[in-house]
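Letters A, B, ... mirror the listed sequences (proteins, then strands); counts begin at 1.
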Amino acid sequence: MSRRELQFLDAQDEDDASSSQSGSPSASEDETGYPSSDDDSPAVCGKKGHCAGFIGARYFDCPNKPCYLCGQSGHSTMTCPFRIDPGHGCSAAPGSNPTDGVQWEVLRREQGAAGAAAPGLPPQRKRWQVESAVLRLHDRRVVCLEFHPRNQNIVLSGSKGGRIAVWDMEKVYERTVYRSINFWLTSALKFAPGSDGLACATCSYDSTVKIFDVETGAATTLHTATPREWRGPVEEDGSWITQMAMDVMQGGIVVAGDNKGMLYFCDPRHSSAFATMQAHKKGTKVQLERVQSVAGNPVDANLLLTAGNDYAARLLDLRVLGGKQEAGAEVPRAELASLQHSKVINAAYFSPITGRKILTTSQDNRLRVWDYVYTSDQEPDRMIVHSNNFNRYLTPFRAEWDPKDLTERLIVCGRYISEDFGGVALHPVDLLDASTGELVSELVDPNLTTISPVNKLHPNQELIVSGNSRSLFVWRPAPDGELVRDIGLTASNSISDQLSLAAAAGYTFFDADESETPKKKAKFATGAPKTDDAGESTKKKPPRKRKKDEEGP
DNA sequence: ACGTTATGTAACC
DNA sequence: TGGTTACCCTAACG
């Protein structure tokens, strides 16, 4: 039996024990395994005779719907084969296992000959725990994160409200929040490659691309998609132009993408884009033309990777920028390859060191990995089934590379669907191996009960920052977190142990809404279901008469 | 306390 | 084709 399966079955056993005590009294399981409802309220699919939703910390899929995770029919998320398989259904890349012998040696020689870093050991399994947190740093949910290139303790974050926060992770209570750089959602924060950290690039739903001074917040506009500062509807149809994503190329060119599928190429020395390009556009009934992601190649200054909600990621060659585009052409002239997906793509990134691999996050619940840029016009080398489908009110999930992993294998991605961790439904932050599809670590903390869609691995330190609604959490490997090669399920690293460890250890946190001094966690709400409350789970909601999301009368 | 609102997406009719 | 409804969602505002 595989490790993953062991862990999975174990979690189920715990569920069964706890749900028999705290399960909803109105639900009972029938022979299909699905709970049946005694009341006649429809559940999810509109049909009667069953219910879907949380019972305690465990979620039951609607039996009439396909699996929430992989999208196939015939099973539920709980029994999804992609979830149970250690590699999530992937075949590992050749040479990804050091015991591969000859293959490993050939790969080492090949990559070494090309001047790339020699492959090291596979990503290490570690136990991570929260070290510090800043609560309610932002006015609205966190959208983007960026580490300061010089000061290792500083992390910048942008919010849906537009605010940009500069937070000192070490001091915890020290932060600056800029409220007037962007007027609406700050969609990206990027330091130029080799930046000294004085100036940072940003773009916003207020349609601007700016560079601002990290110390003072003084901002210079590189481009505005509207004639004036954003203050309301812009287009004839009442919509407006929002800058969705941005990156700074190796050569210092700032590239931003908007909700009309346009790319804007900006020179930091000028106040307007020097070139534009229609990169994404598809559909007649509904226009799918939003740019979701923009990324420059870390090695080749001419290579750009964009992703859109038109189900395509595009590999672009900027040397063709000046060329004339045929009127009505659907494919940008500069396109080298089009990476087709079956749903909206949230992000597409080159691997951080060699720039040879590509990682995409799609709303079809799959992370796709291409091992070589030059075969990106073919099927991906790996599709990792991972829950990164999202609904409204959440920042889209974006799987990101570990910038310090010389093997370019470790990636981080938040998880949408929850899992029962010792009676608590939590949404872990996942570390995965892009070469095998294996889950390397799942980061959970009992105080982190909501979803963390924004996560970033530090370029130098063993540190991860997670953005969770308005707050930021800093993870580090546990002090006693020695390398666990054969993880199995032992008393020392079981999930329930991890939870109690985190709860007992305590960490420094700072409530930016209320306090002026940091606190050491004394007693922090655990988020666990209240056992003295007649089995009422915190996840359970009172019955509602009005249908969810229904408009008022 | 609770209802409403907030520019998503896609399946389904 | 256009309208309607639902989603393992969050949190602020009245």
OP1 or OP2 of [N] versus the side-chain N and O atoms of [X]: is any pair under 4.0 Å?
{"X": "A:Y311", "N": "B:dA10", "result": "yes"}
{"X": "A:S469", "N": "C:dA11", "result": "yes"}
{"X": "A:R470", "N": "C:dA12", "result": "yes"}

Evaluation steps, side-chain contact (heavy atoms from CB on, under 4.5 Å), between A:L367 and A:I411: CA-CA 10 Å; A:L367 308 178; A:I411 56 177; 4.0 Å; yes
Aromatic stack A:Y393/C:dA11: centroid gap under 5.5 Å, interplanar angle under 30°: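 Check failed, A:Y393 does not stack on base of C:dA11.
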A:S157 and A:H138 side chains, donor-acceptor separation under 3.5 Å: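 Result is yes, a qualifying pair exists.
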Under 3.5 Å side-chain donor-acceptor pair for A:D364 and A:S362: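 Their side chains do contain a donor-acceptor pair, which is all the 3.5 Å distance test asks for.
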What's the [atom1]-[atom2] distance between [X] and [N], to the nearest Å?
{"X": "A:L185", "N": "B:dA6", "atom1": "CG", "atom2": "P", "result": "16 Å"}
{"X": "A:N389", "N": "C:dA6", "atom1": "CG", "atom2": "P", "result": "18 Å"}
{"X": "A:K160", "N": "B:dG8", "atom1": "NZ", "atom2": "P", "result": "8 Å"}
{"X": "A:W184", "N": "B:dT7", "atom1": "CH2", "atom2": "C1'", "result": "6 Å"}
{"X": "A:L69", "N": "C:dC7", "atom1": "CG", "atom2": "C1'", "result": "16 Å"}
{"X": "A:R141", "N": "C:dA12", "atom1": "CZ", "atom2": "C1'", "result": "13 Å"}
{"X": "A:Y205", "N": "B:dT7", "atom1": "OH", "atom2": "P", "result": "10 Å"}
{"X": "A:Q287", "N": "C:dG2", "atom1": "CD", "atom2": "C1'", "result": "15 Å"}

Which of the following nucleotides, [options], is nearest to the side chain of [X]?
{"X": "A:R290", "options": "B:dT9, C:dC9, B:dT7", "answer": "B:dT9"}
{"X": "A:R140", "options": "C:dA12, B:dT9, C:dT10", "answer": "C:dA12"}
{"X": "A:Q363", "options": "C:dC9, B:dT9, B:dA11", "answer": "B:dT9"}

Residue met sooner reading DNA chain C from 5', once A:I417 and A:H138 are mapped to nucleotides: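 Whichever sits nearer the 5' end wins; that is A:I417.
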Categorize [X] for me: base, sugar-phosphate, or nothing, with a 4.0 angstrom heavy-atom threshold over every strand shown.
{"X": "A:Y416", "result": "sugar-phosphate"}
{"X": "A:V344", "result": "sugar-phosphate"}
{"X": "A:S418", "result": "base"}

[atom1] atoms of [N] and [M], separation to the nearest Å:
{"N": "B:dT7", "M": "C:dG14", "atom1": "P", "answer": "15 Å"}
{"N": "C:dC7", "M": "B:dC2", "atom1": "P", "answer": "22 Å"}
{"N": "B:dA11", "M": "C:dT10", "atom1": "C1'", "answer": "24 Å"}

Test of ring centre spacing under 6.0 Å for A:Y59 and A:F54: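 Centroid separation for A:Y59 and A:F54: below 6.0 Å.
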Shortest non-hydrogen contact from A:V142 toward A:V454: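 Heavy atoms only, the tightest pair is O-CG2, 3.6 Å.
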A:K160/A:D139 ion pair, N-O < 4.0 Å: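 Answer for the salt bridge query: no.
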